[in-house]
Amino acid sequence: MSEREFVIPVGPQHPALKEPESFLFTVDGEVVVDVEARIGYNHRGIEKAMESRNYIQNLYITERVCGICSNAHQTAYTGSVEEAGGIEIPERAKYIRVFVQELERLHSHLLWVGVAAHEIGFDTMFYLVWRDRELVMDLLEEISGNRVNYAMPTVGGVRRDLNKDNFMRYHKILDTVAERTNYYIKVASTEKTILERAVGVGYLGKEDMIRLSGCGPNARSSGVPCDIRKLSPYLIYDEIPFEHIYVDNGDVLGQVLVRVLETLEAVKICKWVLDNIPEGEIAVKFNPMQRLPEGEAAYLVEAQRGELIHYTISDGKNMPYRHKIRAPTMANIPSLIERLKGGYIADIPITLAGIDPCFSCTDRMVFYDEGKDKTWSWTEGELSKYRKEWYSK
Amino acid sequence: MAMERELLKNAFSKPCTVIYPFEKLEPPEGLRGKHEYDPEKCIGCGLCARICPSFSITLKGGPGPKCTGLLVDLGKCLFCGQCEEICPRDAIWLTTEYELAVINKEDGILDFERTPPPPKTTPKKVE
């Protein structure tokens, strides 16, 4: 570090961050030279807690990994458990799962547009977007019985049915949301307040994004087509006609565009589901005390923030032997650091908010030797060797 | 300059929020709120206490015919409605009541009473 540079710590508790995380910015004047991210302030031991609860109880723990992607986590969890246990779910349940998932994407992307507007100091748009987001929230509350943690998917199907009498009203609400989103696209592409704060800020090219393996809207804003719904379709996404959204901007404006365009696509998917939903059962019976056969399965879901992976191992009991969650923010942190380098201090909040970070999904345990200042991980053999040595002392 | 019309429209329209304690929104039909209990239907099987993901339901007096009611800790409850789903006799269900704030932590524990049925007397065989 030269004499001109100095370090600004942002976080763990900081007004620019919604959740406790720490970033150390090395700055030269107003320009950010280097960034060091420290995660781990939100570790809750969810994966361990899941090993001592049965498959039905775990539904409500996975849902609470993240407040905003709650349905994405549940879809991935139920998907992995059903695949490990060889459970086939009814066709109507698949449609309802997709419908709730796309409504969640709608409200999450609108929330992000509001937060981004707030971060650049455009609070008028923040309030307007959040007012329109209420339409989706009320719709979700009516369908599932809760505004945030919907608890819709269950192992073997979904828990509540959609009422056909309300479909006309749902169509009207979705039309209003689409109309408002079109208006925000117009605002975002013409309003000077947004353009001056978004164009060229936090730029990352396509090559770098592939090298740093980002995912979700963060990667798609740099021109990497990586939507899991297109690349490895799950549920009924291979039947639904929708576009694979990605833009080449690479900056914050690109992230805004990807998300508002995806909002329009989500409206299209919701309307398609309402038109094409088949009649029938919504769930197959799954007893909470039921034992799952031995096996393992991974399930990929395109959550609002990117690629979400749930991996479950069953050893023949009624609770998982191991359940692993890979949340999208984890994969987006290397590219976020690259985006922050070379920018101005004033652009830090919007660049940070740009990947839609969710740190409570992300936090993991790693070994960290404070004296030697290094981190490492162990294989199972090394760990058992260490355990033997430790206990034989 | 794209937002002027929107701003003018909103300057003369009613606020979209409600003044909460004086004006209340009607909750939708399926909202998961405070628990309700029917002591007549309950058989004291204890399935609700076993399935509860956050261990918020306790059986008073033990399972089966000994059961004298339920304790539901609303501070622990996460309102998933799994107890309602698993109950074989529909004896516990969630209502749409959502105003659950209390001053004392103890007031947030719902105490449901139930009189256990008298033990069955098997009629003696008359020879």
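Every chain is numbered from 1, with letters handed out A, B, ... down the list of sequences. Atoms considered below: every heavy atom in the structure, side chains included; atoms not considered: hydrogens, waters and symmetry mates.
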>> Non-hydrogen contacts under 4.5 angstrom with chain B: give the residues of residues 132-139 of chain A involved, or none if there are none.
In response: none
> Taking the six-membered ring for Trp, are B:His35 and B:Phe79 parallel (under 30°), tilted (30 to 60°) or perpendicular (over 60°)?
Replying inline: tilted
> Parallel, tilted or perpendicular: which fits the ring planes of A:Phe126 and A:His118, with parallel below 30° and perpendicular above 60°?
Replying inline: tilted
Please classify the contact of [X] with chain A as side chain, backbone, both or neither, using a heavy-atom distance under 4.5 Å.
X: B:Leu47; result: neither
X: B:Pro53; result: both
X: B:Glu29; result: neither

> Among B:Leu31, B:Ile86, B:Thr96, which residue forms the greatest number of heavy-atom pairs with chain A at distances under 4.5 Å?
Replying inline: B:Leu31
>> Counting heavy-atom pairs under 4.5 Å with chain A, which one of B:Pro27, B:Ser54, B:Cys80, B:Gly33 comes out on top?
In response: B:Cys80
> Are B:Glu40 and B:Arg114 ion-paired here, with the side-chain N under 4.0 Å from a carboxylate O?
Replying inline: no
>> Could you check whether A:Lys186 pairs with A:Glu191 (Lys NZ or Arg NE/NH1/NH2 to Asp/Glu carboxylate O, under 4.0 Å)?
In response: no
Between [X] (side chain only) and [Y] (backbone N and O only), is there a donor and an acceptor less than 3.5 Å apart?
X: A:Arg53; Y: A:Ile61; answer: no
X: A:Asn249; Y: A:Asp251; answer: no
X: A:Ser70; Y: A:Cys66; answer: no
X: A:Gln74; Y: A:Thr154; answer: no
X: A:Glu47; Y: A:Arg322; answer: no

> Counting heavy-atom pairs under 4.5 Å to chain B, which of A:Leu128, A:Asn54, A:Thr124 comes out on top?
Replying inline: A:Leu128
>> Please classify the contact of A:Arg64 with chain B as side chain, backbone, both or neither, using a heavy-atom distance under 4.5 Å.
In response: side chain
> Tell me, side chain or backbone of A:Phe122 under 4.5 Å from chain B's heavy atoms, or both, or neither?
Replying inline: side chain
>> Could you check whether any side-chain heavy atom of A:Arg97 comes within less than 4.5 Å of a side-chain heavy atom of A:Met152, counting everything from C-beta outward?
In response: no
